[in-house]
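One structure is given below, encoded as structure tokens.
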Amino acid sequence: MTSAADTIAFLRDVRLFRSLGEAELGSLARNLRDVSLKKGQVLVREGEHGDEMFLVRRGVLIVSKAVTGNVEQVLTRLGVGEFFGEMSLFDRAPRSATVQADSDASLLALDRDRLQELIDVNPRAGALLMHALVEVFIERLRASSDLVAEVTRWGLEATGLDFESR
Amino acid sequence: MTDGSAPRRAKLELLVRQPGDDGFEVREVASAPAFVQSRPQRVPPEEYELAVVNSRVGQQRRYILKNRQTDRFLLLSEAERFLWEQMDGATSLQEMATAYVLKYGEFNFEILPALIRKLQHAQLLTMRPASRLRRALARNRRPVAKMLESGFTVLERVVIASRNVQPLFQRLYRWGGFLLFTRVAALACVLLGVAGLVVGVRLWSDAEAVAAGLGTHPVMALLSVKVLFILTLAAHQIVHGLACVHYGRRVREFGFTFLHGFVPTFYVDVTDIFMTSRRARVVTAVSGALVHLVLGSVWFLIAAGSPPGFTQAFAATSGIVQWQAFALALYPFCFIEMDGYHVLVDVLGAPTLKHDALAFVGAILRGHWPAHLTREEGVWIGYVALSTVSIAAFIAFNLWLVISAMA
């Protein structure tokens with residue numbers, strides 16, 4: 001069990017909340033739920049509905065997407081200070097990927113209603129939060145493009161397909 | 001922009017979930033091994049035609065391959081036609097490269113990728129994944145088959161290998177390995193073999209009494225012998241590697257894995273030996289098997305020198321297993337491409353003997369009898385017949401051994 005002060009100290013270092021003041025961080029900390037995971041445990045599954053986003057406080061998580069049968073492609077790994085699950089808060093669509101613990105991990109969960117409350121009570125904090133989110137989305141979009149290119153290159157190399165000499 | 005170095009090979013990270021959602025494993029899969037393990041398959045026979053073009057000037061034959069679906073034509077060399085015939089969906093690119101070297105005595109590293117590109121452009125090829133057994137299990141939805149497939153998958157991933165083993169083998173060779181390739185060692189091997197054979201025959205005449213020494217747990221004792229035997233497979237592979245170094249070639253890889261997910265095996269990649277003489281290839285192939293001859297003979301001598309009891313029975317059983325391994329490794333007629341098979345195809349100059357023989361006999365069994373048998377077809381029938389009889393005899397012999405031990 002961690003104290004509120006520890007949680008606030010952690011949130012201060014999280015990129016997403018760096019623009020928030022002490023009062024807003026305190027308010028946020030009170031609305032977070034602790035989640036613990038054992039190594040190998042699945043937290044969210046692709047296709048399920050969810051209304052929470054998660055912050056990694058300790059450990060490493062693997063984000064993967066189903067490819068075929070019991071095989072999934074690893075999209076990325078998330079470490080301390082990183083977050084995921086925010087897409088479901090905005091578009092209410094099913095989870096786009098599965099997230100599981102690569103080591104024992106602890107996380108903080110923030111649900112849609114609490115996030116909305118935070119924005120309603122402190123619109124300035126909400127705006128800063130959204131700005132930080134957009135920055136992270138852009139980074140992830142760039143990383144996804146790189147991954148698509150890498151996967152395509154893998155396919156070409158593994159099958160011997162060659163378009164350069166066509 | 002380029003820095004002149006070779007481009008980095010792409011890698012994929014895959015998460016493989018275990019049955020029942022009981023954890024997962026993350027595997028990094030590089031594109032290069034996926035390529036050499038791929039098994040290209042040509043389109044069905046009704047979708048292509050192959051015609052020979054005899055040159056009036058040169059000696060070389062050429063072939064025209066036509067895709068009957070798209071009316072696209074390809075001109076193939078003799079070597080390319082040879083590789084095309086291998087593309088049956090069961091033969092990996094690595095195996096094709098080996099067959100190519102055995103047939104032509106050299107290897108052009110660009111020929112396979114170039115041919116695959118040509119064939120793919122002409123839509124004459126499909127790419128399919130690995131083992132037939134695994135494909136059959138994957139198709140089978142019964143729980144037992146799924147469990148087996150999952151188990152094989154887990155075991156198949158166990159690969160402990162190194163590609164940087166040449167320095168180690170060179171050191172082993174310098175530190176005494178070279179002695180194995182001297183006349184004295186050859187003579188000692190022959191003498192041990194003869195002594196082992198004589199002693200083994202004597203023990204055989206008293207087999208029941210010797211087997212009785214295994215006591216009340218003969219099956220467990222036999223399993224212990226088998227486990228000990230698996231360890232000696234490492235020595236077998238190491239000697240192959242030393243032979244490769246002896247002839248000045250490079251050992252490319254050494255490791256341990258579960259072949260097809262269920263056969264524990266050590267392996268060594270000595271394909272560089274194909275760049276040397278046939279004598280070097282034969283010596284390299286045979287030398288590994290001789291490890292079993294030597295060990296088997298030593299076990300028989302230990303058994304002969306031991307009083308009746310467990311030690312004698314264990315040593316005698318180990319001797320039998322080692323001699324079996326020696327015979328099996330060098331015996332070419334067993335459908336398994338072991339050392340003896342490689343020597344046989346090298347001597348016959350028929351690198352695809354098993355493949356061709358099985359295809360031919362399969363066609364006969366389906367009712368396609370040829371009007372006249374050629375010499376080559378006779379060899380194919382002989383290979384399949386001898387292999388079938390040999391395997392039946394081997395199974396019967398081992399069953400008899402186990403039953404005798406338990407009686």
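Computed from a predicted model, the values in this text were never measured in an experiment. Note: hydrogens, waters and symmetry copies are ignored here, and every other heavy atom, side chains too, is used.
Annotation for B:Val165 and B:Arg252: closest pair CG2-C, 4.3 Å, computed over non-hydrogen atoms. Between B:Pro40 and B:Thr91, the shortest heavy-atom distance links the atoms CD-O, 3.9 Å.
Using a 4.5 Å heavy-atom cut-off against chain B, the contacting residues of residues 71-90 of chain A are A:Val71, A:Glu72, A:Gln73, A:Val74, A:Arg77. For residues 91-102 of chain A, heavy-atom neighbours of chain B at less than 4.5 Å comprise A:Thr98, A:Gln100, A:Ala101, A:Asp102, sorted by residue number.
In this structure, B:Arg42 has no salt bridge (charged side-chain N to carboxylate O under 4.0 Å, His left out) partners at least two apart in sequence or on a different chain. For the salt bridge (charged side-chain N to carboxylate O under 4.0 Å, His left out) test, no residue two or more places apart in sequence or in another chain qualifies with A:Arg30.
In summary, B:Arg17 and B:Glu25 do not engage in a salt bridge, as defined by a charged side-chain N under 4.0 Å from a carboxylate O.
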- Message: Evaluate A:Phe10 against A:Leu108 for side-chain contact (heavy atoms from CB on, under 4.5 Å), listing each step before the verdict.
- Response: CA-CA 10 Å; A:Phe10 166 71; A:Leu108 296 169; 3.7 Å; yes
- side chain to side chain donor-acceptor pair (under 3.5 Å) between B:Glu80 and B:Tyr63, intermediate numbers included: CA-CA 9 Å; B:Glu80 286 175 325; B:Tyr63 297 83; over 6 Å; no
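Between the side chains of B:Asn67 and B:Gln123, no donor-acceptor pair is found at a separation under 3.5 Å.
With ring centers used as reference points, B:Phe82 lies under 6.0 Å from B:Tyr104.
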